[in-house]
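Every number for a ligand or one of its atoms is a count from 1 in the order of the listing.
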Amino acid sequence: MNFKDIITEVYKKVEAMDDQGQLAAFIPELANVDSQKFGVHISTLNQVNFGLGHCYETFSIQSIAKVLSLCLAYSILGENIWKRLGVEPSGTGFNSLVQLEADHGIPRNPFINSGAIVISDILLSNLENPKEDFLTFVRSISNNSGINYSAKISASEKSIGYRNAALCNFIKSYGNIENDPSDVLDFYYDLCSLEMNCKDLSELFLFLANNGSNTHNNESILTKSQSKRINALMQTCGFYDESGEFAFKVGLPGKSGVGGGIIAIHPNTYAIAVWSPKLNAKGNSFKGMKFLEAFTTKSQLSIF
Ligand code: GLN
């Protein structure tokens with residue numbers, strides 16, 4: 001499979017498209033991002049590393065970090081984690097409150113904001129220095145020890161975080177948040193503010209194509225079964241109420257963030273990262289979705 005040729009061809013095609021998305025201006029700092037950025041990078045298990053466009057420029061990975069916080073919490077608590085949240089697609093927007101009352105404060109899955117807030121609470125209870133320990137975990141999987149949070153982005157999100165504060169307090173009222181909501185939210189905003197480039201992202205997520213083991217040193221980050229389950233969750237819940245569409249059009253486990261990044265995994269083959277900041281109506285990168293659809297169509301490789 002010549003990924004380089006396919007990526008080059010698809011990149012050019014999508015670059016020329018009219019971008020019908022909008023910047024995630026609800027987080028004030030994200031309104032300042034250059035909307036013309038477009039980068040892509042693939043890392044394969046057989047050592048192909050290839051990127052195009054703005055693939056070496058850092059951006060805010062936002063909800064993509066929810067996969068990493070889930071992995072760390074899962075590696076600590078094992079299956080007990082599922083007492084606190086579910087594994088069903090929500091079919092609602094990423095910041096929706098609507099199902100929580102009927103579900104008695106148990107979020108449908110870890111990739112909507114409510115679920116990621118519960119995961120943040122779990123990490124706060126189980127890590128000695130949550131902010132530092134989470135960063136150490138991410139850097140230990142990555143090739144890049146310079147990966148960091150953005151204080152500017154987390155402060156910006158906190159300044160308008162009324163909806164997330166409502167989610168956290170509502171869940172707390174059902175007893176499914178152990179810590180002080182303001183501490184949980186601060187940590188959640190820090191997680192969402194993580195920055196890296198497409199190359200970092202595809203390299204970082206390659207362990208999920210490799211049965212949960214770090215490709216550099218073969219260290220196990222998750223068990224094979226846990227890694228399979230994270231991929232299953234990305235497949236069913238990674239794009240909020242556009243998860244079905246992503247499975248239908250792209251056919252890979254993946255996760256998006258409102259910074260315009262998307263990571264997608266082909267188990268046993270590759271991880272691919274795309275970044276284009278303008279989002280479609282469901283909060284997923286407009287060009288990122290188009291790119292991945294054309295990429296898996298051209299390469300004729302998907303998990304189905
Ligand atoms: N930090 C964002 C929020 O809580 C994450 C949302 C996203 O990337 N979908 O609204």
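For the residue pair Ser63/Tyr240, the side-chain donor-acceptor check at 3.5 Å is satisfied. Using a 3.5 Å distance cut-off with no hydrogens or angles, the side chains of Asn231 and Lys228 do not pair a donor with an acceptor. Between Lys66 and Asn113, the side chains place a donor N or O and an acceptor N or O closer than 3.5 Å (distance only, hydrogens not considered). For the residue pair Ser285 / Asn280, no side-chain donor-acceptor distance below 3.5 Å is found, with atom types taken as modelled.
Relative orientation of the Trp275 and His54 rings is perpendicular, given thresholds of 30° and 60° on the angle between their planes. Under the 30°/60° scheme for interplanar angles, the aromatic rings of Phe246 and Phe239 are found to lie parallel.
If you number the atoms of ligand 1 from 1 as listed, the ones under 4.0 Å from a heavy atom of Cys192 come out as 1 (N). Within ligand 1, counting atoms from 1 as listed, the ones closer than 4.0 Å to a heavy atom of Asn164 are 3 (C), 4 (O), 10 (O). Each of the atoms 8 (O) of ligand 1 lies under 4.0 Å from some heavy atom of Gly257. Near Gln62, the atoms of ligand 1 lying under 4.0 angstrom from a non-hydrogen atom of the residue are 1 (N), 2 (C), 5 (C), 8 (O).
When hydrogens are left out, the protein atom nearest atom 4 (O) of ligand 1 is Tyr188 OH, 2.7 Å; that is the closest non-hydrogen contact. Nearest non-hydrogen protein atom to atom 7 (C) of ligand 1 is Ser63 OG, 2.5 Å. With hydrogens left out, the protein atom closest to atom 9 (N) of ligand 1 is Tyr240 OH, 2.7 Å, a heavy atom.
Geometrically, ligand 1 and Phe26 share no nitrogen or oxygen pair separated by less than 3.5 Å.
Proximity annotation for atom 10 (O) of ligand 1: of Ile61, Asn95, Asn113, Asn113 comes nearest, heavy atoms only. With distances taken over non-hydrogen atoms, the option nearest atom 3 (C) of ligand 1 out of Lys66, Arg163, Glu157 is Glu157.
Tested against Ile265 for a side-chain contact (heavy atoms from CB on, under 4.5 Å), the candidates Leu208, Ile272, Leu252, Asn210 yield a single pass: Leu208.
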